[in-house]
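One structure is given below, encoded as structure tokens.
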Amino acid sequence: MPELPEVETTRLALSPQICGKILCKGVVVQRSLRWPVSAEFPDTLIGDRIADLDRRGKYLLFRFTRGTLIVHLGMSGYFRFVDCRTPLENHDHIELRFEGDLCLRYNDSRRFGAFLWTTNDPLLHPLLRDMGPEPLSTELTGGYLFGRSRSTRVSVKTFVMDQKVVAGVGNIYANEALFEAGLLPAKAVCALDVVQANRLADALKAVLSRAIASGRNSLERFFFHRPGEKPGYFPQTLNVYDRDGAPCRRCGHPVVKILQGGRASYFCPQCQS
DNA sequence: CCCGATTCCTGTAGGC
DNA sequence: TGCCTACAGGAATCGG
């Protein structure tokens, strides 16, 4: 469930700790993630310095001097800093040790995450190449969404979750943005007019920036991690997601849950149309 | 080409 | 209490 805000929160927490540091050691406990962890990891990276930590959609880009480690958290992946002597916990798959006894661990119970090494421009990697614009950039406008939605018959929910349309939106923020835009998830996206496309763009930006702001407040969890807590997964108030049967926060009508392509959608039938 | 269904995995929740 | 099944979700890939 890490979507753009959770990944951005992770980036904000890791960046000041690891940027400029040299990787001294890498440990792989489990190579079988979504795809096998790149064979170059860790040997090729040892002794190399991290210049920058970037994000593209839901991907983290650890930019080393000699190449880039592309990381996806999948559904259950998270990083945490630990004392080097801390014994490995269940589902701790990868460890990155930096100069100054800094030990970063990757834990991922469902193993949908990815650790891929590339020496080319990571943005040209097949996984990132066709990704749509960053939702918080000026590239994402109502006009852009309107244009992209003319020639497809998919629902507006499927549309906003398509990484080729917009980068970084997952099920939770798709539901929240559609509520904010007053649009039913099952509505055909080609039926939107320009005004509705504008509302959708504004709602996506608002929902995601609010979540990032809320994530900033939980950054300390990376450094004072309590067992059972997943750093980067922060509490926040959601309007519809996982609230089926509960009263709509705006009008009181019970929130409805439907299945779209085997995935849960939540909406208020009175506030969305 | 387009799009819905299937697939990977395991923790959690619900039913009996 | 305990076992068993269903379900959750990101996104590549399959298949109609």
Side-chain angles (χ1 to χ4, degrees), chain A residues 1-10 28-38 55-61 70-79 88-94 106-116 118 122-132 134-135 147-178 185-191 204 208 211 227-234 236 238 240-246 255 257-266:
Chain A
M1 304 183 285
E3 303 183 27
L4 187 151
E6 288 77 15
V7 178
E8 178 63 10
T9 299
T10 301
V28 183
V29 182
Q30 169 65 271
R31 236 170 231 286
S32 162
L33 299 184
R34 166 98 206 227
W35 297 284
V37 173
S38 287
R55 179 190 58 73
R56 176 78 174 100
K58 300 175 195 174
Y59 289 87
L60 285 169
L61 306 175
I70 302 174
V71 173
H72 195 289
L73 302 176
M75 294 207 30
S76 53
Y78 66 93
F79 284 100
L88 287 170
E89 290 174 20
N90 198 19
H91 306 304
D92 276 349
H93 303 313
I94 293 170
Y106 177 71
N107 185 293
D108 185 358
S109 61
R110 290 177 212 180
R111 292 196 274 130
F112 278 18
F115 268 69
L116 302 171
T118 179
L123 299 180
L124 299 180
H125 190 280
L127 290 171
L128 306 184
R129 201 176 42 199
D130 302 320
M131 208 172 257
E134 285 294 319
R148 285 296 304 261
S149 63
R150 293 307 87 188
S151 54
T152 177
R153 278 187 297 269
V154 298
S155 68
V156 64
K157 167 80 178 314
T158 301
F159 183 75
V160 294
M161 284 183 67
D162 185 346
Q163 303 300 298
K164 293 185 178 67
V165 173
V166 195
V169 181
N171 202 29
I172 295 175
Y173 298 108
N175 279 293
E176 294 299 308
L178 291 177
K187 190 183 180 77
V189 73
C190 60
L204 283 167
L208 294 171
E229 266 192 350
K230 288 186 175 187
Y233 296 69
F234 41 86
Q236 51 187 315
L238 300 175
V240 284
Y241 182 79
D242 204 21
R243 291 194 69 239
D244 48 315
V255 171
K257 173 184 181 177
I258 58 167
L259 243 50
Q260 283 185 279
R263 212 108 294 176
S265 292
Y266 304 85

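Letters A, B, ... mirror the listed sequences (proteins, then strands); counts begin at 1.
In this structure, A:Leu4 atom CG and C:dG10 atom P are separated by 13 Å, rounded to whole Å. Between the CG atom of A:Asp244 and the P atom of B:dG14 there is a distance of 11 Å, given to the nearest Å. The CD-P distance, from A:Gln260 to C:dG10, rounds to 14 Å in whole Å. Atom-to-atom, CG of A:Asp130 to P of B:dC1 comes out at 13 Å; the value is rounded to the nearest Å. For the pair A:Arg263 CZ and B:dA5 C1', the interatomic distance rounds to 11 Å; values are reported in whole Å. Atom CG in A:Leu33 sits roughly 14 Å away from atom C1' in B:dT10 (whole-Å rounding). The interatomic distance linking A:Asn90 (CG) with B:dT10 (C1') rounds to 10 Å, in whole Å. Summarising the geometry, the separation between NE2 on A:His93 and C1' on B:dC8 is reported as 13 Å, rounded to the nearest angstrom.
Residues passing the side-chain hydrogen bond (donor to acceptor under 3.5 Å, both in side chains) test with A:Ser155, sequence neighbours excluded: A:Thr158, A:Gln260. Residues satisfying the salt bridge (Lys or Arg N to Asp or Glu O under 4.0 Å) criterion with A:Asp92, sequence neighbours excluded, are A:Arg80, A:Arg105. In this view, A:Tyr59 and A:His72 satisfy the ring-ring contact (aromatic ring centres under 6.0 Å, His included) rule, not counting sequence neighbours. Taking A:Val28 as the reference, A:Arg31, A:Phe41, A:Pro42, A:Ile94 meet the side-chain contact (heavy atoms from CB on, under 4.5 Å) condition, with sequence neighbours excluded. Residues that satisfy the side-chain hydrogen bond (donor to acceptor under 3.5 Å, both in side chains) test with A:Glu8, not counting sequence neighbours, are A:Arg11, A:Arg55. Not a single side-chain contact (heavy atoms from CB on, under 4.5 Å) links A:Ser151 to another residue, sequence neighbours left out. With sequence neighbours left out, A:Arg243 forms a salt bridge (Lys or Arg N to Asp or Glu O under 4.0 Å) with no residue at all.
For the pair A:Gln163 (side chain) and A:Gly57 (backbone), a donor-acceptor distance under 3.5 Å is absent.
Within the structure, every side-chain polar atom (N or O) of A:His72 is placed at least 4.0 Å from both OP1 and OP2 of C:dG10. For B:dC9, neither phosphate oxygen OP1 nor OP2 lies less than 4.0 angstrom from any side-chain nitrogen or oxygen of A:His91.
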Sequence neighbours left out, cut at 3.5 Å: what donor-acceptor pairs do the side chains of residues 164-171 of chain A make with other protein atoms?
unit_1, atom_1, unit_2, atom_2, d
A:Asn171, OD1, A:Lys157, NZ, 2.8
A:Asn171, OD1, A:Asn175, ND2, 3.3
A:Asn171, ND2, A:Ala264, O, 3.1

Only pairs under 3.5 Å count here: list side-chain donor-acceptor contacts from residues 124-132 of chain A, not counting sequence neighbours, and write none if there are none.
unit_1, atom_1, unit_2, atom_2, d
A:His125, ND1, A:Leu127, N, 3.0

Protein-nucleic acid N or O pairs under 3.5 Å, nucleotides 12-16 of chain C:
unit_1, atom_1, unit_2, atom_2, d
C:dA12, O4', A:Arg34, NH2, 2.9

Distances for protein N or O near nucleotides 5-8 of chain C N or O, under 3.5 Å:
unit_1, atom_1, unit_2, atom_2, d
C:dA8, OP1, A:Lys257, NZ, 3.2
C:dA8, N3, A:Arg110, NH1, 3.4

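Between A:Phe79 and A:Phe115, the ring-plane angle classifies as tilted under the 30° and 60° cut-offs.
Contacts between residues 148-155 of chain A and DNA chain B, counted as heavy-atom distances below 4.0 Å, involve A:Thr152, A:Arg153, A:Val154.
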